[in-house]
Amino acid sequence: AQKITQTQPGMFVQEKEAVTLDCTYDTSDPSYGLFWYKQPSSGEMIFLIYQGSYDQQNATEGRYSLNFQKARKSANLVISASQLGDSAMYFCAMRFGRGSTLGRLYFGRGTQLTVWP
Amino acid sequence: DSGVTQTPKHLITATGQRVTLRCSPRSGDLSVYWYQQSLDQGLQFLIQYYNGEERAKGNILERFSAQQFPDLHSELNLSSLELGDSALYFCASSVGAGVGQPQHFGDGTRLSIL
């Protein structure tokens with residue numbers, strides 16, 4: 001069974017500091033994609049970053065980077081130089097490349113990030 | 001702006017009623033997905049359509065149904081509503097169902113059952 005685990009219900013970081021949000025996953029499927037989404041208090045879901053299981057390099061998108069450790073089955077999100085606007089719920093999600101589960105996203109329970117001045 | 005449009009943004013209704021949630025995917029996206037977000041269940045996949053055809057079903061109740069029309073917009077129909085159906089319902093779209101294609105979400109429809 002596919003499973004995504006986010007062990008940090010809440011994280012606090014001071015503005016301008018870096019923060020790492022943890023995500024581990026469990027699958028025996030060799031082909032998969034890992035995604036991070038941000039959900040502000042207003043409710044929308046915003047796509048942040050993607051990492052493929054066959055990618056050799058860690059993905060980066062501006063201040064977001066994904067620390068992908070395949071052997072440990074972890075895909076942690078690193079936010080550099082935190083801003084007050086980064087305060088939100090962050091979800092790790094996974095998508096598989098074959099089988100009946102093709103296409104759908106599996107989500108973790110999320111981590112609530114609070115950035116303080 | 002993700003390019004995915006969901007209407008209405010808010011819906012308040014009573015138990016036993018029926019509602020329809022509407023979604024217009026991003027231009028060029030053929031796949032549409034519906035998700036339900038609630039405090040106790042988190043984000044749950046309901047159903048997927050690709051170019052008008054149903055492709056996958058998740059935790060969708062029999063009281064719920066959906067369809068994707070020739071113009072690719074989709075509707076999620078919820079009937080015989082119960083208090084537990086109160087949730088945020090998201091529509092998402094992607095070009096296809098490939099592993100590397102991110103799904104882009106609409107702003108959601110917040111359904112409140114009184």
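Numbered from 1 within each chain, the chains take letters A, B, ... in sequence-line order. All values reported here derive from a predicted model rather than from experimental measurement. Only this structure's heavy atoms are used, side chains among them; waters, hydrogens and symmetry mates stay out.
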Over 12 non-hydrogen atoms of neighbours within 6.0 angstrom of NZ in A:Lys70: yes
Minimum heavy-atom distance B:Tyr35-A:Leu105, with the two atoms named: OH-N, 2.9 Å
Within one Ile-Leu-Val-Met-Phe-Trp-Tyr cluster: B:Val95 and B:Tyr49, side-chain cutoff 4.5 Å: no
Max heavy-atom pair count under 4.5 Å with chain A, selected residue of B:Val4, B:Leu88, B:Asp107, B:Ile47: B:Asp107
Contact origin within B:Tyr50 toward chain A - heavy atom pairs under 4.5 Å: neither
Aromatic contact, A:Tyr106 with B:Phe45 (centres under 6.0 Å): no
Check: B:Phe105 ring centroid to A:Tyr37 ring centroid under 6.0 Å: yes
B:Ile113 reachable from B:Ile60 in the ILVMFWY side-chain graph, under 4.5 Å edges: yes
Heavy atoms from other residues, nucleotides or ligands near CZ of B:Arg26 exceed 12 (cutoff 6.0 Å): yes
CD/A:Gln14: more than 12 non-hydrogen atoms of other groups inside 6.0 Å: yes
pair B:Ser94-A:Arg95: side-chain heavy atoms closer than 4.5 Å: yes
Point-to-point distance, once rounded to the nearest 0.5 Å, from CD of B:Gln103 to CZ of A:Phe35: 7.5 Å
Validation row: B:His104, A:Met45 side chains within 4.5 angstrom (heavy atoms): no
Joint hydrophobic cluster, A:Val78 plus A:Leu34, side-chain heavy atoms closer than 4.5 Å: no
Shared hydrophobic cluster, B:Leu11 / B:Leu76 (ILVMFWY, side-chain heavy atoms < 4.5 Å): yes
A:Tyr32, part contacting chain B, at a heavy-atom distance under 4.5 Å: backbone
Contact summary for B:Phe90 and A:Gln39, nearest pair of heavy atoms: CZ-NE2, 3.5 Å
Under 4.5 Å from a heavy atom of chain A, the part of B:Gln37 involved: side chain
A:Arg109 side chain vs B:Gln41 backbone, donor-acceptor pair below 3.5 Å: yes
Cluster check A:Ile49, A:Leu21: I/L/V/M/F/W/Y, side chain < 4.5 angstrom: yes
Largest heavy-atom contact set with chain A, pairs under 4.5 Å, which of B:Pro102, B:Ser2, B:Gly42: B:Pro102
Residue part contacting chain A, namely of B:Leu39, when any heavy atom lies under 4.5 Å: backbone
Per-residue contact mode, A:Gln51 against chain B (heavy atom under 4.5 angstrom): neither
Separation of B:Gln6 CD from A:Glu44 CD (nearest 0.5 Å): 11.5 Å
